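Labels below follow one simple rule: chain letters A, B, ... track the order of the sequence lines, proteins then strands, and each chain is numbered from 1. In this text the structure is predicted, and so the values were computed from the model without any measurement.
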Amino acid sequence: MTSSEDVLLQVSNVRYQKKTGTLYVMNERLAWMMDNRDTVSVSHRYADIKLQKISPEGKSKIQLQVVLHDSAASTFQFTNVGGQAEQIRERDSVKDLLMQLLPKFKRKVNKELEEKNKLLTDNPTLLQLYKDLVISKVITSEEFWAQHAPKYVKENVGNKQPIGVSGAFLADIKPQTDGCNGLKYKLTSDIIESIFKTYPAVRRKHMEYVPHKMSESEFWTKFFQSHYFHRDRIHSGNKDIFTECAKIDDQDMDKEIDSGIKDPLVDINSFGDTTFSEGFGVGSDTSANSHTGNIVHQNMIKRFNQHSFMVLKACQHSITENGTAENGQKDAHTSSTVAKDDGDDEDVTVIKKRRIQEKLTYDDLESSSSNVAACLNLSRVDRYLHGPITDTNSSTDVPAEKVSSSVMRELIRLMESPLGSSHRNPAALITPALAINAVGELSPGGSLMKGFQHEASASMTPADIETDLKTLYLSVCELLRHFWACFPPTTPQLEEKATTMHETLHRFHAAKLKPFEDRVIRECSPLSHNITSHLNQLLNSAYRKFAIWQQRKMQHFR
Amino acid sequence: MRLDIEGLIVHFPYEYIYPEQYSYMVELKRAIDAKGHCLLEMPSGTGKTVSLLALIVAYMRQYPSELCKLVYCSRTVPEIEKVLEELRRLLQYYEEQFKEKIPITGVVLSSRKNLCIHKDVRQEKDGKIVDGRCHNLTASHVRERHLTDDSVPVCTYFEDFEDYGNESYLEPGVYTLDDLKSYGAKKGWCPYFIARHAVSYANIVVYSYHYLLDPKIAEIVSKDIPKNSVVVFDEAHNIDNVCIDSMSVKITKRIIERASANLLDLAKTIRHMKEVGPRRLTEEYQRMVDGLRETQQARETDMVLANPVLPDQILQEAIPGNIRDAEHFVGFLRRFVEYLKIRLRVQFVVQESPAGFLKDIMQKVCIDRKPLRFAAERLASLLKTLEIADQTDFSALVVVSHLATLVSTYTKGFIIIVEPFEDKTPNIPNPILHFRCLDASIAVKPIFDRFQTVVITSGTLSPLDMYPKILDFQPKVMTSFSMTLARPCLLPMIVSKGNDQVAISSKFESREDQSVVRNYGQLLVEIVKIVPDGVVCFFTSYLYLESVVAAWYDQGIVTTLQRHKLLFIETQDPAETSLALLNYIKACERGRGAILLSVARGKVSEGVDFDHHLGRAVVMIGIPYVYTQSRILKARLEYLRDTFQIRENDFLTFDAMRHAAQCVGRAIRGKTDYGIMIFADKRFSSEDKRSKLPRWIQEYLTDNLVNLSTEESIQCAKRWLKQMAQPFTREDQLGISLLTLEQLQKEGVENIQQKARQKIK
């Protein structure tokens, strides 16, 4: 014994790694010492133990296993000479004692902290932001989690894929004999979820019956007894609560059949192009055929098909539900309409044509030059053409724009039309003179290039400064986003937030931007302020806005 | 691409070309030059249709006097629509090349069901009802009555077409079903009759086999097609069945009952007409006396079904005296129906020739052969005289009259079999009188005689020499093309035994054997485990499918299958099957993977393609022999043996193998596609079966793949799938299975031909 701890329980004849020894349950640790030695060979602090496991009943070896947080494990076998009953008694006494002791030492791992930690490690951008803003004390940790992180948190949740339904989930519920010629079905919550997802009729039944009319277990017992589960049985008119479910399923299927098959390539009914009455030709009419064969088998086949339809549908549901959660109302709406393909005649013909053309394309015969031109969709074309131009400059830009407005119009027109079309009719291209003019304007020094930094600066920036600059931009943008989100400040809360954001910006300016600028000047003087000018512009415009707002507010008060 | 095919400039609407497409065009051109018929087998998915259209359009442009029309027959409506879209693409290419519209009109003709735009009539789902309602609105006497009485409804689309559209022609271009409908809706004309009218002047007509092969319809629809036309039968591997189908009639008890009822109706109507105004009947009688078959040019709408007898058999004589009078004719038919009723009242199977039947009918009810021959014609005339527009009510009587005409016209190549009950249910009386055509050449002969070039083509026509025999014609060109491939994109395998070395086979003795069924299941389970996306499995019959699935359920194989893929099964209900197919495609597209159990000779095996991910593996369980115990089949086999010297076994194997090839061929649609084809039956290994597969499959079925156990086949498939999963670019294909214009010119015609062809001597 190395410490003065109390030994709470001592069990001899315990084997560990094929060596017999004694197990000690002490105040703060679990220890094992080999017989005839005086050093403890195994010693686990309770705080390190994650959980304990025992061997199942009926096993010949009576064992106890402790699993540590680092997922290492030690297994102890109880080998009391007094026989199995004695061994079990000893094992259980250890187990019970451990059960009392372990929770006391359970490290109160802050779950929240862990989550946050995970989030940060998963999102490098967020981590960077955290480093820049929180560690440099620009904003407090709480503020950070409350304001800047939710976006990421939500994204994480939204990205979670719903679990699909396995095609064979019903078969996976394997009955086991319970020893006296009965059957035992093991149902996990996953399986129940699968059943509900796939068979909405059962879910409804479940809601209807449980717990008002029968207990949960009764319900499932009935389910497993029903023909609904055993697909090789025909449902007769017995008083089975699931008879109705089968009927509902059949109706659903009929409805689907009635609604018609949109894809002309699989609509077998419309393949034939002859309308002969009975008696012509050799084809056996369907009415004669239907009573051949085994009805049980046919029924079973129908159930198999039905099952697959419903599994597929269950997945479909979860996809659309997911869509709603993720993309918000609007997106989900559009996506669902696309998926639904409305029953209009117009639509059907379009689908039909598309399907047929799909089938006809020989990719390898087509010439390769027919590249798929992505359509550039600009909401504000002028922005795209100008690049970032400060407000102050815009007034001087006006005449220049006027000069080249014809070029602009032409360019805009081209941008708006998909690139592919311009390929085809070269006549629609702008004239050479105009083109040269436009190129001139777009070259450095041209009227459309104001506000652009010189190419040269990019090549002169050292790599580390560049990455720093990037992170700076990231942080600034995040802060500015919140700042600008406060305007117009219509509520007192927003006003307050605007003020704090303004302060935060100032803090950031002082804590991050200034040192960076100093460093730039020190390390690569030629760049000097050039490199941060845009950042400063951004911040300055924010300050200006704030100042104006404050001024207005003061006036208002007066 | 601008090709020079033995002096003919062909514009091919693609940048590249497959070598077999080039050779196909060469062979086709030779056949047209020689004004002879040809038989061309080209692997599915190698652009058969586009080559065909490109060559024929070029030919028509260059030698308009030699070749003025293309009649393209295909089997299913989607196939027909595909042809039209291909044609549209070709013509667009022409336009781009020549910067002007070229004067070629391509038009589709389909049943009223697919073309009707009348707001009430088109709602009907059943084609027969659509036809019937259309007749009710468009028959000439209905329209006459409408002139005096506004309350008689007519179809405005048809009226406007009659008034204005009849004289106008469609602008050059391609008209699919939807195009016709929107054109009709725009103009206010009936699309169906626009199409009917267009058949006479369009350069390219696309429709289903029946419009040309079935004399009942061909006489109405395709009468005016000139001799210097090319007729193409695409997907023609089953053409003999269509021929037989079009000449056969089946009389059940129901038909007899309804025919009797029809006769009563007719008699009543005649009496009524006699009282009201016997003028029409006397006029009709006069016509009969004059012996003019049809003095009056029949309005298009009045003809529902023409005479079932082929054009060259059309009787030019006067109608015999004893059926000229309407009442006499009704009495005559009544006697005939009564006679059929007696014939159906049998306890055992009767089989006799048409001659025996005629002799018997003479003895029993004193009906002569001559008036019988006019029965169909006379009934059509009577129905017209009585102003019965909707003849669907009288369909039973029409069937009977057709039987009368057919049985008295053809004495050879037909058989009459009366079965008192079905073989499976000997206790339920269900008498059927089959009047069955045994000789496919009867229906197709006039086509071969009438048109200068008939092209019979399909992906699976092997063995080629069978078709000239059973269709009785002399092809000028008969070629099977193989598939040039840069990578072995098909993997045919014959699995003959399970892992336990038990031979697997669907032959009658062993098909119920549990170990065979289990081995089939195991094979499928293994396949499903390794093959991505879609797997299709074909059984020999519905019954077999059902019993095997039931056995698999008990053995737990179904569960294992479901664990890997979603399971869909073809049923005998076409609507349900369509839904299953739709979901099968959905499951494949989701990446979930699915397996479809289907039936050879079923609708799915004939009309649905499983290209790319929809069918990465096809398993053919058993050899799809036709049900050999049927008497009709036996009679046909006997006839084939006696007339064409085709051995029974040869024909049966040929028939089974063409269906097997059809099934497995569904998986490959193009050279970028790839698929496994498994023939799971020991009997496939024998040489006589293997050699009947199409060349392009046979070539890849090497000797090491013809006798595998389940495990061996899985090993092969695994290796092969890994290989196929590698990226496949155009560069890999170029020069081998894909040619540019320069390569084509450099290689020389002979070389390419060598590559893509196996001439059968």
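Among B/His434, B/Glu79, B/Met1, B/Arg88, the residue with the largest count of heavy-atom pairs under 4.5 Å with chain A is B/Arg88. The residue among B/Tyr207, B/Phe12, B/Tyr18 with the most heavy atom pairs within less than 4.5 Å of chain A is B/Tyr18. Your options are B/Ile585, B/Thr49, B/Asp611, B/Thr729, and the one with the most heavy-atom pairs under 4.5 Å with chain A is B/Asp611. Of the residues considered (B/Leu579, B/Val50, B/Leu581), B/Leu579 shows the highest number of contacts with chain A, using heavy-atom pairs under 4.5 Å. For chain B, the option among A/Val266, A/Asp254, A/Asn305 with the highest count of heavy-atom pairs below 4.5 Å is A/Asn305. Of the listed residues B/Ser246, B/Ser182, B/Gly47, the one with more heavy-atom pairs under 4.5 angstrom with chain A than any other is B/Gly47. Listed options B/His612, B/Arg254, B/Lys181, B/Gln21 were ranked by heavy-atom pairs under 4.5 angstrom with chain A; first place goes to B/Arg254.
Contacts between B/Leu561 and chain A at a heavy-atom distance below 4.5 Å are absent for every atom of the residue. Proximity to chain A (any heavy atom under 4.5 Å) is restricted, for B/Tyr211, to the side chain, taken from C-beta onward. Contact annotation for A/Lys352: only side-chain heavy atoms (C-beta onward) come within less than 4.5 Å of a heavy atom of chain B. Contacts of B/Thr571 with chain A are made by side-chain atoms alone, with heavy-atom separations under 4.5 Å and no backbone atom involved. Of the atoms belonging to B/Asn583, heavy atoms from both backbone and side chain fall under 4.5 Å from chain A. Contacts between B/Leu596 and chain A at a heavy-atom distance below 4.5 Å are absent for every atom of the residue. In this structure, the portion of B/Arg75 lying under 4.5 Å from any heavy atom of chain A is its backbone and not its side chain. For chain A, the nearby part of B/Ile255 is the side chain; its heavy atoms alone come within less than 4.5 Å. With a 4.5 Å cut-off on non-hydrogen atoms, B/Glu606 does not touch chain A at all. Heavy-atom distances place no part of B/Ile251 under 4.5 Å from chain A, backbone and side chain included.
Shown here for A/Phe271 and B/Pro78, the closest heavy-atom pair between the two residues is CE1-CG, 3.4 Å. The two residues B/Lys586 and A/Leu312 make their nearest non-hydrogen contact at CB-CD2, 3.8 Å.
Applying the salt bridge (Lys or Arg N to Asp or Glu O under 4.0 Å) test to residues at least two apart or on different chains, the pairs with a partner in residues 560-572 of chain B are A/Asp172-B/Arg563.
Of the inter-residue distances, the one linking B/Thr76 atom OG1 with A/Asp267 atom CG reads 11.5 Å to the nearest 0.5 angstrom. For the atom pair OH (B/Tyr542) and CD (A/Gln298), the distance works out to 10.5 Å, reported to the nearest 0.5 Å. Taken to the nearest 0.5 Å, the CG atom of B/Leu566 stands 7.5 Å off from the NE2 atom of A/His307. Between the CD atom of B/Glu576 and the CE atom of A/Met253 there is a distance of 3.5 Å, given to the nearest 0.5 Å. Of the inter-residue distances, the one linking A/Ile257 atom CD1 with B/Leu582 atom CG reads 11.0 Å to the nearest 0.5 angstrom. Taking CZ from B/Arg592 and OG from A/Ser308, the interatomic distance works out to 9.0 Å, rounded to the nearest 0.5 Å.
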**Derivation of the side chain to side chain contact (heavy atoms under 4.5 Å, CB included) call for A/Lys353 and B/Glu81** = CA-CA 9 Å; A/Lys353 203 158 178 185; B/Glu81 301 232 53; over 6 Å; no
**Message:** Using side chain to side chain contact (heavy atoms under 4.5 Å, CB included), reason through B/Gln562 and A/Phe304 one step at a time and then give a plain yes or no.
**Reply:** CA-CA 10 Å; B/Gln562 281 180 325; A/Phe304 284 142; 4.0 Å; yes
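Take A/Arg355 and apply the salt bridge (charged side-chain N to carboxylate O under 4.0 Å, His left out) test, not counting sequence neighbours, and it matches A/Asp263, A/Glu358.
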